[in-house]
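Let me begin by presenting the structure, written as structure tokens, before commenting on it.
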Amino acid sequence: MKKKKTIFILGIFLVLLIGVYGIIIMNNKKQKEEETTQTETQETKTLLNLNKEDIVKLSYIKENNIMEFEKKEDTWIYTSNPELPLLQNYLTNMISIFTNLAATRTIEETTNNLNEYGLEKPAYTITVTTSDKKQTTLYLGIKNPITSDYYAYIDGVEGVYTIGSDRFSYFDYPLYEMAQADIFPTIDSSSIDELSLTWNGQEIKLETLEESSYDSSNLISWYLTSPFEHEIAADSSLIDTQLQKIENIMYAKLAAFQSSPFTEEQLEEMGFTNPKGKISFHYIDSKTGTLEQKSYTMLIGNSDGGEYYYAMEEGSNKVNFIGASTIDSIMSYTANDYIYKYFALVNIETVDEVLVQEEDMIFRLKDIPKTSSGENQSGEEESTTIEEEQEQRESEIRSLYRSIISINAEKVIDIEEEEKEWLDFQVTFKRNDEKEDIVLKFAVYDANFYLASVNGEARYLVNKRDFENYKSTILEGFQKFSE
């Protein structure tokens with residue numbers, strides 16, 4: 001009996017314990033709901049809700065610098081310089097803050113303790129004016145070290161609040177980053193027919209010429225016309241690479257702008273009195289549909305000490321920043337780098353015979369077949385044994401000719417003025433139609449290279465191994481076919 005009574009009492013105690021636990025759970029839940037409701041109320045407390053279409057002026061003070069903007073005919077301008085080409089999205093994002101500005105938290109109900117939050121000397125003072133001439137001023141103090149929100153208050157409104165700082169990033173941009181930089185011409189690199197690159201006072205000029213007495217291949221279109229005494233065949237593959245880089249040039253951002261011309265002092269400070277570099281080109285503009293011939297010249301000034309150069313279109317009132325890596329990549333080549341390295345490339349159609357001199361011996365290769373025999377004149381495909389042998393011989397001679405003209409330089413240097421001890425090995429192309437003969441001469445340059453001269457201009461360095469293979473191939477072929 002006593003045991004049953006004990007069990008009964010324990011049961012009652014368990015029921016009471018469960019009830020108490022349930023009450024605690026319900027109270028905690030209610031408290032959390034109240035806290036959540038209070039937090040949500042704080043986070044969604046709207047401080048300002050202006051119509052962005054009504055905002056016609058914006059000014060802000062940051063670090064004692066005053067910036068003022070106003071809207072004229074739906075376009076935002078910089079009040080101190082209305083001609084500055086502002087990028088409108090910056091201003092649009094700035095004023096959008098005032099269309100739905102909510103506090104993340106209410107800190108105080110009064111503005112009696114502004115100094116505690118950095119609001120007696122605000123980091124930002126932002127004022128907007130609406131079309132009815134009403135002004136609203138927002139003050140931002142220090143950032144909360146935990147949430148990174150700004151402490152803020154609004155002129156004429158009691159209370160200190162916190163506001164998310166990410167919405168104010170547009171107020172940190174320098175003026176010229178909010179403006180449109182110059183736009184480099186939209187060009188097709190294949191439409192450029194003349195290019196001039198000047199760097200540290202050295203000009204390299206490249207032009208397309210319809211013909212030149214200095215092209216023995218009849219294949220070259222680009223020539224170096226400066227800084228050499230006469231035009232020299234240029235490496236079209238390198239030029240194509242350079243033109244592609246120029247086609248892709250973009251100015252990074254605006255560096256300086258004014259309505260009137262820059263003063264001499266301003267130009268000197270940015271490096272334009274004596275520019276470090278210049279890129280100038282002629283091109284055909286096909287956008288107009290008239291294939292208009294145009295030219296463009298970009299001046300390159302000083303480095304900004306970082307990743308940019310100052311750059312401007314010649315005669316412009318805008319100075320831009322341009323990536324230093326872009327300019328350095330274009331300007332990293334010397335005039336010699338542009339010279340076409342296949343210096344013996346002579347069109348077979350212009351050659352009557354080739355002479356090779358080895359010590360006291362001269363080998364002649366005459367009547368060089370220009371094209372393959374192919375079918376006979378009657379169109380019949382049958383060939384006699386003699387015709388087959390003749391065709392085989394012609395094919396081998398053409399192959400030998402390709403070997404003769406295939407030699408190329410590994411490097412190009414400035415012309416060697418001092419007299420060299422030339423080898424007893426010389427190749428001469430005797431040309432038809434009164435064209436000048438082409439004479440190749442060779443001399444030992446150093447342990448790794450031979451120096452090659454073309455009609456007296458010694459500027460080509462041929463790898464020693466390549467030259468020796470070339471010489472042995474030529475001599476072997478001439479001993480077999482020459483007269």
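These numbers were taken from a predicted model, which means no experiment stands behind them. One-based numbering along the sequence shown.
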So that I know where these two stand, are [X] and [Y] an aromatic pair - ring centroids less than 6.0 Å apart?
| X | Y | value |
| --- | --- | --- |
| Tyr445 | Tyr450 | no |
| Tyr60 | Tyr124 | no |
| Tyr117 | Tyr150 | no |

For the atom pair [atom1] ([X]) and [atom2] ([Y]), what is the distance rounded to the nearest 0.5 Å?
| X | Y | atom1 | atom2 | result |
| --- | --- | --- | --- | --- |
| Leu365 | Tyr401 | CG | OH | 9.5 Å |
| Ile192 | Leu243 | CD1 | CG | 5.0 Å |
| Glu314 | Ile279 | CD | CD1 | 13.0 Å |
| Gln392 | Thr385 | CD | OG1 | 13.0 Å |
| Ile232 | Ile220 | CD1 | CD1 | 12.0 Å |

Can you check whether [Y]'s main-chain N or O pairs, donor with acceptor, with [X]'s side chain at less than 3.5 Å?
| X | Y | result |
| --- | --- | --- |
| Asn93 | Tyr170 | no |
| Thr79 | Glu68 | yes |
| Ser165 | Ser148 | yes |
| Asp193 | Thr208 | no |
| Tyr90 | Tyr173 | no |
| Asn455 | Leu440 | no |
| Thr273 | Glu268 | yes |

Under a plain distance cut-off of 3.5 Å, with no hydrogens placed, do [Y] and [X] share a side-chain donor-acceptor pair?
| X | Y | result |
| --- | --- | --- |
| Ser96 | Lys52 | no |
| Glu231 | Thr225 | no |
| Thr473 | Ser403 | no |

Please evaluate residues Lys420 and Glu416 with respect to the criterion salt bridge (Lys or Arg N to Asp or Glu O under 4.0 Å), reporting the C-alpha separation (whole Å), side-chain torsions for both, the decisive distance (0.1 Å), and the verdict. CA-CA 9 Å; Lys420 293 290 183 182; Glu416 286 282 326; 3.6 Å; yes

Give the minimum heavy-atom separation between [X] and [Y], together with the two atoms involved.
| X | Y | value |
| --- | --- | --- |
| Phe98 | Ile126 | CZ-CG2, 3.4 Å |
| Phe429 | Ala344 | CZ-O, 4.0 Å |
| Ala181 | Lys253 | CB-C, 3.6 Å |
| Tyr470 | Ile404 | OH-O, 2.8 Å |
| Ile163 | Thr104 | N-OG1, 4.0 Å |
| Trp199 | Gly277 | CE3-CA, 3.6 Å |

Of Glu388, Glu387, Glu394, which meets side-chain hydrogen bond (donor to acceptor under 3.5 Å, both in side chains) against Gln390? Glu394

Pick from Asn302, Asp304, Asp328: which one makes a side-chain hydrogen bond (donor to acceptor under 3.5 Å, both in side chains) with Tyr309? Asp328

Pick out which of Asn463, Leu461, Asp337 makes a side chain to side chain contact (heavy atoms under 4.5 Å, CB included) with Lys411. Leu461

Salt bridge check: are [X] and [Y] linked by an N-O gap of less than 4.0 Å?
| X | Y | result |
| --- | --- | --- |
| Glu353 | Lys430 | no |
| Lys62 | Asp172 | yes |
| Glu203 | Lys278 | no |
| Glu389 | Arg393 | no |
| Arg398 | Glu396 | no |

Taking only residues two or more places apart in sequence, or in another chain, which ones meet Lys143 in a side-chain hydrogen bond (donor to acceptor under 3.5 Å, both in side chains)? none

Is it the case that more than 12 heavy atoms not belonging to Asp446 sit under 6.0 Å from its CG atom? yes

Please report the C-alpha distance between Phe262 and Gln258 in whole Å, then the side-chain angles of each, then the deciding distance to 0.1 Å, and finally whether the side chain to side chain contact (heavy atoms under 4.5 Å, CB included) criterion is met. CA-CA 7 Å; Phe262 291 103; Gln258 58 186 46; 3.6 Å; yes

State whether Phe228 and Arg459 meet the cation-pi test: NZ (Lys) or CZ (Arg) under 6.0 Å from the six-membered ring centroid, and within 45° of the perpendicular axis. yes

Should the ring pair Tyr296 and Phe184 be called parallel, tilted or perpendicular, given that the plane angle runs from 0 to 90° and is split at 30 and 60? perpendicular

Parallel, tilted or perpendicular: which one describes the rings of Phe321 and Tyr310, with boundaries at 30° and 60°? tilted

